Amino acid sequence: IGIVTWYDKGYNYGSTLQAFAMQSYLENKGYECELINYKPEYKKVYNVLKEIIKRLYLLVFNYKVYKSWRIMEKWIKNNIKESKLILSYEELIKYSQKYDILICGSDQIWCNSHDVVDPFYYLQFTDIEKRIAYAPSIGKNYINDNIQETFAKYVKEIKYLSIREEKGAELIQKYAGKSAKVVVDPTFLLDKKMWEKSAKISKNRIINEPYIFAYFLKKNEEYFEQVNEIAKKKNLRIITVPIMNNNNKLAIEVNHTDFLNLIKNAKYVITDSFHGMVFSINFEKDFIIYKKFNDNLKETENSRIYNILEKLNLYNRLVTDNNAIDNIIDTNINYSEVKKKLNKLINESEKYLTESIDCVIKK
């Protein structure tokens, strides 16, 4: 099986771990799989120079992020099974003939950034009979007019079609006239024990004192001030990780395994990250989720968070004008009820994936 997704894009813990989850889940089922390492941009001198300049800037002005990226790169190299580096679409078409099955997903690989509908993420390079979409995300609530036709064409040509959010399913129905099964993010396909085993999470705590793990992808001083106030009231330390454009003295540089350890052992997790929320649920933590985007913005990506909160009856963990962090922090999550709902969604998602793979094999 060849997997098409983001796994080293922007050195994001969530992106890499969702790819690792899909890889681990398939391997546990007895399949051989690898992430397709397709990087045509490496052929352009401009892109290479831009990356070098970015690294030099971080080395001088934000060493924690630079060091964090190096640590994350090492983890990816040791834990993600990649294909050889593929630099052209023609080479991709030829190389992909080795695969019996191609799966695209998860993460926001269908966000069509800069109005580019990349055929790679829609498996256009391989036979229709081999194509499976598992939980890709559009991320936004719209498809721009100038790419609707191409988007619809590519989606129609995926034989086994699923999506991660209800809003994405609505957009696919609207523009492609096709039903898409809504399934859970692959990080949910591994339960707590499977994550501990697959990611080799140490039983030892990284931080020995009680702490809040604050994981914010977007810089927001107001959010962090509120977290600081809670930390003082609860007499808790704040731990976070280095994020681009956010020079935080509290941040510690960790790889993906240690990132999961920090969530697993936190007193509270406070985040604006979809995967920060998902892993909190996986490890049954009392979490608080902030909106990363304003709902009134066209580019908002909040729907993916709302989708999970609604399905698991966890909307009361979302900070809003009418639901301040002070109201949420002392309310514990009833995970016995959450797990009942989640397990049903996981079972349905596993059934979809298993049946799709079986159908491709039988062809």
Side-chain angles (χ1 to χ4, degrees), residues 1 3 5-7 13-31 33 101 103-110 132-139 160-169 172 179-199 201 256 260 263-264 269 271 273-287 289 303-315 317-318 333-360:
I1 298 176
I3 302 170
T5 191
W6 295 340
Y7 60 95
Y13 292 102
S15 291
T16 304
L17 288 168
Q18 63 81 23
F20 175 78
M22 179 60 79
Q23 171 190 294
S24 298
Y25 178 82
L26 293 172
E27 287 180 342
N28 288 339
K29 295 294 181 182
Y31 299 106
C33 58
I101 299 165
I103 296 176
C104 61
S106 177
D107 223 339
Q108 297 182 72
I109 59 169
W110 288 1
I132 297 173
Y134 184 82
S137 174
I138 296 168
Y160 306 99
L161 181 63
S162 73
I163 195 80
R164 200 176 65 185
E165 291 95 19
E166 300 286 350
K167 189 62 185 179
I172 287 171
S179 295
K181 174 73 175 174
V182 178
V183 295
V184 297
D185 190 82
T187 50
F188 279 129
L189 297 180
L190 304 183
D191 62 22
K192 182 180 177 181
K193 288 183 179 178
M194 292 170 71
W195 270 111
E196 289 171 347
K197 181 180 178 182
S198 298
I201 302 172
H256 301 74
L260 294 175
I263 292 177
K264 176 187 171 185
V269 177
T271 186
S273 156
F274 171 80
H275 283 109
M277 175 186 68
V278 167
F279 283 115
S280 297
I281 295 169
N282 269 333
F283 289 105
E284 301 183 15
K285 308 307 297 184
D286 285 324
F287 71 90
I289 182 85
S303 64
R304 58 187 181 149
I305 288 173
Y306 299 160
N307 189 70
I308 290 294
L309 294 177
E310 183 178 350
K311 286 179 178 294
L312 301 182
N313 194 25
L314 287 171
Y315 246 114
R317 309 308 297 184
L318 178 69
I333 297 173
N334 182 351
Y335 270 105
S336 62
E337 291 302 314
V338 170
K339 290 296 182 177
K340 286 178 187 177
K341 293 180 173 64
L342 181 58
N343 287 338
K344 183 180 179 183
L345 297 174
I346 292 170
N347 290 338
E348 291 173 356
S349 301
E350 286 190 288
K351 182 181 178 184
Y352 160 79
L353 183 55
T354 300
E355 290 180 351
S356 298
I357 291 172
D358 287 345
C359 285
V360 175

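The shown structure was predicted, so the numbers you read here are calculated from the model rather than taken from an experiment. Just the heavy atoms: all of them, side chains too, but no hydrogens, waters or symmetry mates, feed the values below.
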>> Please evaluate residues V269 and F283 with respect to the criterion side chain to side chain contact (heavy atoms under 4.5 Å, CB included), reporting the C-alpha separation (whole Å), side-chain torsions for both, the decisive distance (0.1 Å), and the verdict.
In response: CA-CA 11 Å; V269 177; F283 289 105; over 6 Å; no
>> Show, in sequence, the C-alpha distance, side-chain angles and deciding distance for M22 and Y134, and conclude whether the side chain to side chain contact (heavy atoms under 4.5 Å, CB included) test is met.
In response: CA-CA 9 Å; M22 179 60 79; Y134 184 82; 3.2 Å; yes
Rounded to the nearest 0.5 Å, what separates atom [atom1] in [X] from atom [atom2] in [Y]?
X: N282; Y: L190; atom1: CG; atom2: CG; answer: 8.0 Å
X: N347; Y: K344; atom1: CG; atom2: NZ; answer: 10.0 Å
X: S336; Y: K341; atom1: OG; atom2: NZ; answer: 9.5 Å
X: I263; Y: Y13; atom1: CD1; atom2: OH; answer: 10.5 Å
X: L314; Y: L309; atom1: CG; atom2: CG; answer: 6.0 Å
X: E284; Y: N334; atom1: CD; atom2: CG; answer: 10.5 Å

> Do the non-hydrogen side-chain atoms of N313 and E337 ever get within less than 4.5 Å of each other?
Replying inline: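 Result no, sub-4.5 Å side-chain heavy-atom pair not found.
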> So do the side chains of I289 and I305 get within less than 4.5 Å of each other, counting heavy atoms only?
Replying inline: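 They are in contact (side-chain heavy atoms under 4.5 Å apart), so the answer is yes.
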> Does the pair W110 and C104 meet the rule for a side chain to side chain contact (heavy atoms under 4.5 Å, CB included), with working shown?
Replying inline: CA-CA 10 Å; W110 288 1; C104 61; 3.9 Å; yes
> Can you tell me if N28 uses its side chain to pair, donor with acceptor, with the backbone of S24 under 3.5 Å?
Replying inline: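 At least one qualifying donor-acceptor pair exists.
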>> Using only atom types and a distance under 3.5 Å, with no angle test, would you say the side chain of Y352 pairs donor to acceptor with the backbone of Y160?
In response: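 Indeed, once roles are kept as given, a pair shorter than 3.5 Å links the two residues.
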Please report the shortest heavy-atom distance between [X] and [Y], naming the atom on each side.
X: S273; Y: G276; value: OG-N, 2.8 Å
X: I163; Y: A180; value: CG2-CB, 4.1 Å
X: A133; Y: S162; value: O-OG, 2.6 Å
X: I132; Y: I357; value: CD1-N, 3.8 Å
X: F188; Y: I281; value: CE2-CG2, 4.0 Å
X: I333; Y: K285; value: CD1-O, 3.6 Å

>> Which residue is it: Q18, R304, K167, E165? I am looking for the one with a side chain to side chain donor-acceptor pair (under 3.5 Å) to S137.
In response: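 For S137, the side chain to side chain donor-acceptor pair (under 3.5 Å) check succeeds only for E165.
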> Mind checking what makes salt bridge (Lys or Arg N to Asp or Glu O under 4.0 Å) contact with E355, not counting sequence neighbours?
Replying inline: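 Scan of E355 (salt bridge (Lys or Arg N to Asp or Glu O under 4.0 Å), adjacent residues dropped) gives none.
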> Any side chain to side chain donor-acceptor pair (under 3.5 Å) pairs touching residues 184-196, not counting sequence neighbours?
Replying inline: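 Sorted pair list: S106-D185, R164-D185, D185-T187, D185-H275, E196-K264.
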> Any Lys/Arg nitrogen of E348 or K351 sitting under 4.0 Å from an Asp/Glu carboxylate oxygen of the other?
Replying inline: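 Salt bridge: no.
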> S349 pairs by side-chain contact (heavy atoms from CB on, under 4.5 Å) with which of T354, V184, V182?
Replying inline: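 So, applying the side-chain contact (heavy atoms from CB on, under 4.5 Å) to S349 and each of T354, V184, V182, only V184 qualifies.
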>> One pair to check against side chain to side chain contact (heavy atoms under 4.5 Å, CB included): Y306 and L318. What are the steps and the verdict?
In response: CA-CA 9 Å; Y306 299 160; L318 178 69; 3.7 Å; yes
